[in-house]
Amino acid sequence: MYVLSRFWQSTIGKKIVMAVTGIIGILFVIGHMSGNLLMFKGQEAMYHYALLLRTSMPLLYAVRAALIAAVVLHAVAAYQLTMMSRKARPQGYAERRPQVTTFAARTIRWGGVLLLVFIVAHLLQLTLGTIHPDFTHLDPYNNVRILLSNPLMAAFYVLAMAALGLHLYHGSWAVVRTLGVARPSDNPLKRRVALAIAIIVAAGFMIIPIAAVLGKFAPAPPLAESSAATALATPAAETH
């Protein structure tokens, strides 16, 4: 316990924690994006996706617990590193001219705050359904379609995904640098893998609220949990 405490209290320890939890986050958002893209296959595909997750409840709860722990550790480590940096230099530079930086790096903290707000809102809207206009359990297709057909909600989701893309671009490169896999770069615009991850994930998430607000997802009858399987087995419930 003493070793872990000393590790956590050190700057490099916090950076390594951020790197490891960042890898967990990257893997999760790639998988989550892939699942969300089933919206374009229709209600049945989304229902079976939700059902698959539900039939793996012990694993699902374990994954959720790990993700929550990763998000909390990531956010706390980031906050404490910021406070340590400010304490080391309580008075800022009279003039600051970063030699090697990107917009993603300069906005990483504000983007992180926005993502935390988004995560809480997203869970309340599409996982718990407490602040959703018409939430139906095990009917993720309609839940997403109805929520994101609101232009304000669609805009919020697009903005949050833009922040996610910037966070991924800076963070995915910082991960490999912190863990010693790559050396510091003097040309941040050539971080091709980080850029590819950021663009693919952000675009994959953004396309869903954009399609929803444009009415690209066809209306489908709501599914009650008890009759969902029966309803989807009939031709009338199929989504084309």
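Starting from 1, each residue takes its place in the sequence as its number. The structure presented is a predicted model; accordingly, all values stated were derived computationally and were not measured.
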Distance (rounded to the nearest 0.5 Å) between Phe217 CZ and Arg145 CZ: 10.0 Å
Rounded distance (nearest 0.5 Å) linking atom CE of Met206 with atom CG of Leu159: 8.0 Å
Asn142 side chain reached by Thr136 side chain, heavy atoms, under 4.5 Å: no
Cluster check Tyr169, Val113: I/L/V/M/F/W/Y, side chain < 4.5 angstrom: no
For Val158 against Pro209, the heavy-atom pair lying closest together: CG2-CG, 3.8 Å
Closest non-hydrogen atom pair, Ile24 against Ala70: CG2-CB, 4.1 Å
Shortest non-hydrogen contact from Ala154 toward Val213: CB-CB, 4.0 Å
Exercise: identify the closest heavy-atom pair between Ala202 and Gly165: CB-CA, 3.9 Å
All side chain to side chain contact (heavy atoms under 4.5 Å, CB included) counterparts of Thr11, not counting sequence neighbours: Lys15, Leu81, Met84
Nearest-0.5 Å distance, CG of residue Leu53 to CG of residue Leu60: 6.0 Å
Residues that Thr55 engages under side-chain hydrogen bond (donor to acceptor under 3.5 Å, both in side chains), provided they are two or more places apart: none
Whether His32 and Phe205 hold their rings parallel, tilted or perpendicular, with breakpoints at 30° and 60°: tilted
OH/Tyr79: more than 12 non-hydrogen atoms of other groups inside 6.0 Å: no
Minimum heavy-atom distance Leu116-Ala75, with the two atoms named: CD1-CB, 4.1 Å
Point-to-point distance, once rounded to the nearest 0.5 Å, from CG of Leu51 to CD of Glu44: 11.0 Å
Shared hydrophobic cluster, Leu52 / Leu59 (ILVMFWY, side-chain heavy atoms < 4.5 Å): no
Between CD on residue Gln43 and NE2 on residue His48, distance to nearest 0.5 Å: 10.0 Å
Student check: side-chain heavy atoms of Ile30 and Val201 closer than 4.5 Å: yes
Main-chain N/O of Gly13 paired with Ser10 side-chain donor or acceptor, under 3.5 Å: yes
Any donor-acceptor pair under 3.5 Å from Thr21 side chain to Met18 backbone: yes
Any residue meeting side chain to side chain contact (heavy atoms under 4.5 Å, CB included) with Leu38, in chain and number order, not counting sequence neighbours: Lys41, Ala45, Met46, Tyr49
Any Phe40 side-chain heavy atom under 4.5 Å of Ile208 side chain: yes
Test item: Asn143 side-chain N/O and His137 main-chain N/O as donor-acceptor pair under 3.5 Å: no
Whichever hydrophobic residues join Ile146 through chains of side-chain contacts under 4.5 Å: none
Interatomic spacing from CZ in Arg192 to CD1 in Ile199 - rounded to 0.5 Å: 12.5 Å
Residues that Leu147 engages under side chain to side chain contact (heavy atoms under 4.5 Å, CB included), provided they are two or more places apart: Gln125, Leu126, His132, Pro133, Met153, Tyr157
Cluster check Val20, Ile68: I/L/V/M/F/W/Y, side chain < 4.5 angstrom: yes
Within one Ile-Leu-Val-Met-Phe-Trp-Tyr cluster: Met161 and Leu37, side-chain cutoff 4.5 Å: yes
Single-linkage hydrophobic cluster Leu168~Phe28, side-chain heavy atoms < 4.5 angstrom: yes
Flag side-chain contact, heavy atom, 4.5 Å: Arg64 against Thr127: yes
Which atom of Thr82 lies closest to which atom of Arg109, heavy atoms considered: OG1-NE, 3.5 Å
Leu223 backbone acceptor or donor facing Asp139 side chain under 3.5 Å: yes
CD1 (Ile207) with more than 12 external heavy atoms under 6.0 Å: no
Contacts of Trp8 that satisfy side chain to side chain contact (heavy atoms under 4.5 Å, CB included) - sequence neighbours left out: Lys14, Val17, Leu73, Val76, Ala77, Gln80
